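Worksheet: one structure, shown below.
Hydrogens, waters and symmetry mates are skipped; everything else that's a heavy atom, side chains included, is used. Everything quoted here is computed from the prediction, not taken from an experiment.
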Amino acid sequence: MIGVTRGTLLLLLLLPHGIKGKLRSKDGETGPTVTIPDKPNIVLLVADDMGWGDLCSYGHPTQECGEIDKMAAEGMRFTQWYSADSLCSPSRAALLTGRLPVRVGVWGGERVFANDGSGGLPKNETTIAEALKDAGYATGMVGKWHLGINEFLPGDGRHLPHHHGFDFVGTNLPFTNHWACDESKVHMAHPNPMKCFLYWNTTLVQQPFRHDNLTASFLQDSIAFIHNNKDRPFFLYFSFAHMHTDMFSAPRFRETSRRGRYGDGLRELDWAVGEVLKTLVSLQIQHRTLMIFLSDHGGHLEICTEGGSNGILKGGKASTWDGGLRVPAIAWWPGVVAPGQVSQHLVSSMDVFQTAAELAGATPPKDRIYDGKSLVPILLQKTSAVPTGKPTPSLRTLFHYCSDRLMAVRQGEYKAHFYSMELPTNYSEHCPGGVPKVEYFTSFDCYGPHITRHDPPLLFNIARDPGELYPLSVEEYDDIITEILAAKAQHQAHLMPGKAQCKETSTTLQPCCNPPFCYCNYKPDGNR
């Protein structure tokens, strides 16, 4: 046992079987050996519409620090984590499959799945849950789904989570929290039941749903799943309704934040994250559990104080500017991921699939192209919490789509826009006093009049200009543009778009608990 640290010795005693890896510093020096347990638990926590600059640990000046920030202090915080899309359905499809939404088929139409649509995440796609289930994992899901509901009949549920590898499905929003679900009467007199419905597993239990206990119900089911599977490997996908409009929070969190209603909601989300962390620690399974927290995409700028902050980044939700794509992300794994780290690696939400597969010893199907890479080597690195020198540029290339249109390419430090979206303006007209009057997007249609084509592309150095404010000279950076154009051509030559699922709509598929009224509030059969 010579050379083994006290912390590593404890891990070896607790975890007799595992994979050994070296902690590697940013200058290449290796540190003590860390034992990665066989088939660790994986908990994936996803916030909805949270901006890159929303958290205390990401520099927000007035948001209260809390459990998520503590999680960052005890783990690794990523500064260049990118979503695969700037809207809910495609970003989540990519997260769960490790593939670009355009490959999967989650594109077209309104870019997201409608409450009465017939499309959904194709069943021939393999999700993290399916890959890990085949490797012996228990799989569970609670919270927002938004990857399809019904296919042929209004209650068939053929696109719901249990068709995609999740054995346990607790309280869930098969559609989303929506502007039309407002119970506060700030924006409307009463919620619209057609867009606001809550399920438990496959049973519709509230229409419209109540917000007061929504997060607590998600949390209750998550903790129950963890307790029930504490002695075997498990994968939990906990997808929050926060911070998507409409703004809400349980009574105990209201008027507790300096940021107002948005901050109140974030504090409730933060509390739930803390309760999951406490559960893992109380069960003494934190050393064999990787927990990742991230947002699905950037904040919705057009709804002002109810849309979050993307910090210094340009643009927001629905756009391919960095404010729509770069998200807060934190990895926590005591004893494996060293505390207090900040990673500047260029990574993607699609990397979660490959990371989970590697750690679980799963073998994903080999008949398709994956766009993600395993984060395991990065998680084992030892980096400084405060950058002390110029990092080695990442050679990673990311392709940013709006539906099936390739808008921009990020390669290393550079980002080239071939098309760009108009930015929101005139906040005072739409948000008197910061409160939005309507929910809208400045640019949403990927082929609409608010799209500008750039030939040659608009080029930025994201390392020096993260706000995408200062385009670089085409002549001076001709070699960079040539490299990006070559990467773009190679990518497009091998791209086979999946059938557009978001175009599939049918007014006969609207979920309704007691037609034709669609109003109900009852608990499902069986035990909660």
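Centroid-to-centroid, the aromatic rings of F209 and H211 come within less than 6.0 Å. Two rings, from F235 and Y137, have their centers 6.0 Å or more apart.
Within the 4.5 Å cutoff, the side chain of N192 has no heavy atoms near those of the H178 side chain. Within the 4.5 Å cutoff, no side-chain heavy atoms of V169 are placed close to those of T202. Two residues are said to be in side-chain contact when any heavy atoms from C-beta on lie closer than 4.5 Å; R103 and R368 fail this criterion. The closest side-chain heavy-atom distance from H146 to L173 is not below 4.5 Å. In this structure, F168 and L236 have side chains that are not in contact, with every pair of non-hydrogen atoms separated by 4.5 Å or more.
A pairwise comparison of heavy atoms in W179 and P436 identifies CH2-O, 3.7 Å as the closest pair. Taking both residues in full, the closest heavy atoms of P364 and Y370 are given as CB-OH, 3.4 Å, listed atom of the first, atom of the second, then distance. Listed here is the closest heavy atom pair of S91 and D85: CB-O, 3.6 Å. In plain terms, the two heavy atoms of F175 and A114 that are nearest each other are CE1-C, 3.9 Å. Closest heavy-atom contact between A129 and T139: O-CG2, 3.5 Å. Smallest separation of non-hydrogen atoms from G298 and V327: N-CG1, 4.1 Å.
Here E275 contributes atom CD and I223 contributes atom CD1; the two are 6.0 Å apart, rounded to the nearest 0.5 Å. Taken to the nearest 0.5 Å, the CD1 atom of I36 stands 8.0 Å off from the CG atom of L379. Separating the CG atom in L269 from the CZ atom in F293 is a distance of 5.0 Å, to the nearest 0.5 Å. Here T279 contributes atom OG1 and K230 contributes atom NZ; the two are 12.0 Å apart, rounded to the nearest 0.5 Å.
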Verdict with reasoning, R410 to Q80, per side-chain hydrogen bond (donor to acceptor under 3.5 Å, both in side chains): CA-CA 11 Å; R410 172 76 190 269; Q80 294 198 88; 2.6 Å; yes
Verdict with supporting geometry, E125 and T97, side-chain hydrogen bond (donor to acceptor under 3.5 Å, both in side chains): CA-CA 7 Å; E125 291 293 333; T97 65; 4.7 Å; no
Verdict with supporting geometry, E306 and H187, side-chain hydrogen bond (donor to acceptor under 3.5 Å, both in side chains): CA-CA 12 Å; E306 297 187 9; H187 302 301; 3.0 Å; yes
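Between the side chains of N201 and T203, not a single donor N or O lies within less than 3.5 Å of an accepting N or O. A donor and an acceptor atom, one from each side chain of R92 and S239, are located under 3.5 Å apart. Using modelled atom types, one finds no donor on one side chain facing an acceptor on the other under 3.5 Å when comparing N150 with H159. Side chains of D221 and W200: a donor-acceptor N/O pair is present below 3.5 angstrom, by distance only.
A salt bridge links D54 to R259: one of the charged nitrogens lies within less than 4.0 Å of a carboxylate oxygen.
For the cysteine pair C518 and C513, the distance separating the two SG atoms is not below 2.5 Å.
At least one test fails for R99 against the ring of F353: distance under 6.0 Å to the centre or angle within 45° of the axis.
Checked options N172, N177, D48; the residue passing with K144 is D48 (criterion: side chain to side chain contact (heavy atoms under 4.5 Å, CB included)).
Partners of C88 according to the disulfide bond (SG atoms under 2.5 Å apart) rule, which considers only residues two or more places apart in sequence or in another chain, do not exist here.
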